[in-house]
Amino acid sequence: MPIGDEILLDVKDLKMYFPIKSGMVFQRKVGDVKAVDGISFTVKKGETLGLVGESGCGKSTTGRAILQLYRPTAGQVLFEGENLGDLRGNKLRKVRRKMQMIFQDPYASLNPRQSLGSIIGEPLVIHGLAKGKDKQERVQELLRIVGLNPYFVNRYPHEFSGGQRQRIGIARALAVQPSFIICDEPISALDVSIRAQILNLLEDLQEQFDLTYLFIAHDLSVVRHISDRVAVMYLGRIAELADRKALYENPLHPYTKALLSAVPIPDPTVEAKRERIILTGDVPSPVKPPAGCNFHTRCPMAIPQCSQFVPPLVDKGGRHHVACIRV
Amino acid sequence: MAPLLSVRDLKTYFRTPDGVVHAVDGVSFDLAAGERLGIVGESGCGKSVTALSLMRLIPQPPGRIVGGEVTFDGMDLLALDEEEVRSVRGNKIAMIFQDPMTSLNPVLTIRRQLSEGLELHKGMSRSQARRHSIELLRMVGIPSPESRVDDYPHQFSGGMRQRVMIAMALSCDPQVLLADEPTTALDVTIQAQILDLVKRLCVERRTAVILITHDLGVLAGMTDRLAVMYAGRIVETAPTAELYENPKHPYTIALMKSVPRLDEERREKLFVIDGLPPDLIDPPKGCRFAPRCFAVIDKCWEEMPELMRVTEGHNAACWVDVSKGRS
């Protein structure tokens with residue numbers, strides 16, 4: 001499906017803080033884990049937005065906060081123009097039918113005591129879409145769509161391999177005919193030769209069902225393969241957001257540059273010639289993130305001003321957004 | 001010159017309630033002094049079991065080294081008794097494991113864990129070992145090692161713990177370092193730091209390395225020679241540059257084409273290896289890759305191919321010369 005101009009998801013200044021409590025009986029709040037600290041982006045209908053970053057950067061929390069699995073601390077999530085933060089109960093459930101999630105761990109995200117028919121059929125029952133024989137037929141159709149044998153309906157998750165389980169998770173997400181799917185590290189728990197199978201399946205499904213993806217991953221090569229636009233997160237904020245080609249061929253933010261240079265390329269001749277930017281130290285704690293630009297403690301280009309204010313995400317032309325005062 | 005480490009027809013089996021798993025089934029390779037060898041393969045292909053067999057760390061039962069020879073520095077490692085093995089393990093052959101959290105003892109200080117090998121193998125006194133431990137921590141880039149040496153593992157980040165593991169592995173100046181997925185649990189910028197460190201230290205000390213991973217990218221920049229494992233056997237081995245440029249075994253070719261690359265603009269579908277690796281309780285009679293192979297011929301089902309010469313130093317276990325039939 002060609003990517004239109006219609007904005008499906010609009011995230012505005014989203015913040016997700018988790019309180020840190022102390023004390024046995026009278027718990028006092030002693031601080032916050034600032035998992036997501038003011039991020040804004042849009043996702044257009046039919047596109048795939050890749051969200052990359054290292055562990056703890058807040059990419060998964062962003063996904064969950066969009067679905068209102070966590071109630072965001074501040075900010076807005078507009079889906080088809082509707083502010084999800086205002087919705088409760090039944091109304092929220094109705095919107096959620098259109099937004100589904102595929103999880104990272106296909107071992108933990110399927111209930112071992114439910115048969116495939118029950119796992120994939122449950123969303124149909126909850127949303128009142130099908131029951132009885134219709135449900136059974138729909139489940140078999142979904143199994144066929146994701147490349148599994150329809151006769152598997154009465155089997156249980158433990159009878160399947162990791163890749164097959166991930167297909168089951170995908171079938172469950174597709175059951176309610178969503179328009180938007182958040183894929184949270186859908187292939188990182190799988191073996192190398194199985195990853196390509198799942199990636200190709202996700203691409204086929206996108207075409208077949210006009211899906212819009214938010215693809216969350218830490219593997220920059222995979223994100224390049226599947227995304228139309230890419231956002232790079234660091235410690236709860238977006239450092240850079242651009243079209244795929246621009247981001248990979250002309251990264252502007254020093255963090256993006258370092259991140260890309262750190263990814264090994266399976267080609268010894270290329271590897272021998274590459275200049276690697278090795279960042280020193282670890283990612284700071286999101287409990288006490290550095291003042292100003294939160295990357296300044298590890299940045300090779302940092303100047304004193306970097307620690308004084310938070311650099312806004314600005315468009316440097318051609319929809320290439322960067323949050324850095326040195327660019 | 002005789003190789004430093006020579007493995008011939010190694011077989012390690014595991015007895016399970018379902019039958020005997022042929023985890024490593026006839027693996028042979030040589031390692032020269034100071035050489036860096038990479039072993040690549042998917043989970044369950046036997047690469048870790050190979051490493052554990054060399055260290056004589058196979059839990060027995062259920063595992064057992066049922067055949068083969070491992071010659072190290074003139075000794076047959078498989079024939080040594082437990083006491084003799086202990087004088088080699090950690091001393092002349094050391095190992096770094098994948099998960100730095102579970103491979104360090106959480107209730108002992110870093111000093112205790114680092115000193116253990118030094119006191120045991122090098123006969124150092126407690127204060128000498130402490131001084132040497134501080135030096136080792138400094139060598140692997142731990143800031144203020146004098147105070148950190150008395151800390152516990154939980155006070156270190158993942159990357160720092162892996163540095164401690166490296167310090168521990170190199171503490172007795174081993175001739176061979178076995179690194180089993182040393183960076184799989186780490187973020188990409190930390191991975192770059194750790195790989196850089198391992199490579200620099202091992203070049204300086206002329207330590208031979210066996211690097212085990214599923215990541216073809218990591219191996220490209222780190223190794224001199226590669227061995228590709230599939231279902232308990234080595235299917236191809238060649239100098240690193242040769243293997244990437246001119247892979248011969250269909251599994252190697254498929255594996256390389258199924259991974260998206262960071263430096264490639266590619267929107268067409270990834271190459272897919274259909275199906276799953278075989279059950280190692282009852283492996284196929286012929287070539288173990290035959291059921292998933294794109295170049296399979298009748299002979300493949302009947303007879304298991306041994307490693308055959310392609311060019312000098314490049315061997316592949318395949319009946320088909322794929323280069324002729326491939327575009």
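Everything numeric here is computed off the predicted structure, so don't read it as measured data. Here is the naming used below: chain letters follow the sequence lines, and residue numbers restart at 1 for every chain.
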message: Please find the pair of heavy atoms, one from A:R298 and one from B:I190, that lie closest to each other, and give the distance.
response: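 Minimum heavy-atom separation between A:R298 and B:I190: NH2-CD1, 4.2 Å.
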
field: A:A196 versus B:F271, closest heavy-atom pair with distance
entry: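 Closest approach of A:A196 to B:F271: CB-O, 3.4 Å.
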
message: So which residue, B:Q193, B:M222, B:R292, ends up with the most heavy-atom pairs under 4.5 Å with chain A?
response: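 Heavy-atom pair counts peak at B:Q193.
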
query: Can you tell me how far CG of B:D263 sits from CD1 of A:I265, rounded to the nearest 0.5 angstrom?
result: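 Rounded to the nearest 0.5 Å, the CD1-CG separation comes to 3.5 Å.
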
- request: Look up atom CG in B:D215 and atom CG in A:D219, then write down how far apart they are to the nearest 0.5 Å.
  value: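 Here the rounded value is 8.0 Å.
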
message: Is it true that, when you exclude B:E245 itself, more than 12 heavy atoms of the residues, nucleotides or ligands shown sit nearer than 6.0 Å to its CD?
response: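 No, because the 6.0 Å sphere around CD of B:E245 holds 12 heavy atoms or fewer from other groups.
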
query: Within a reach of under 6.0 Å around CD of B:E204, are more than 12 heavy atoms found that belong to other residues, nucleotides or ligands?
result: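 More than 12 heavy atoms, drawn from other residues, nucleotides or ligands, come within 6.0 Å of this atom.
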
I'd like to know which of [options] tops the heavy-atom pair count under 4.5 Å against chain B.
{"options": "A:A262, A:P268, A:G56", "result": "A:P268"}
{"options": "A:R276, A:E271, A:Q197", "result": "A:Q197"}
{"options": "A:L259, A:D267, A:L279, A:V222", "result": "A:D267"}
{"options": "A:S193, A:S261, A:A258", "result": "A:S193"}

Heavy-atom check, side chain of [X] versus side chain of [Y], under 4.5 Å:
{"X": "A:P264", "Y": "B:Q191", "result": "yes"}
{"X": "A:S221", "Y": "B:R261", "result": "no"}
{"X": "A:E203", "Y": "B:L270", "result": "no"}
{"X": "A:I194", "Y": "B:L276", "result": "yes"}
{"X": "A:E54", "Y": "B:T189", "result": "yes"}
{"X": "A:R195", "Y": "B:S258", "result": "no"}

So which part of [X] gets closer than 4.5 Å to some heavy atom of chain B, the side chain, the backbone, both or neither?
{"X": "A:V283", "answer": "neither"}
{"X": "A:S161", "answer": "side chain"}
{"X": "A:L220", "answer": "both"}
{"X": "A:L260", "answer": "both"}

task: Give a yes or no on whether the backbone of B:K269 and the side-chain of A:N200 come within a donor-acceptor separation of less than 3.5 Å.
output: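 Absent.
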
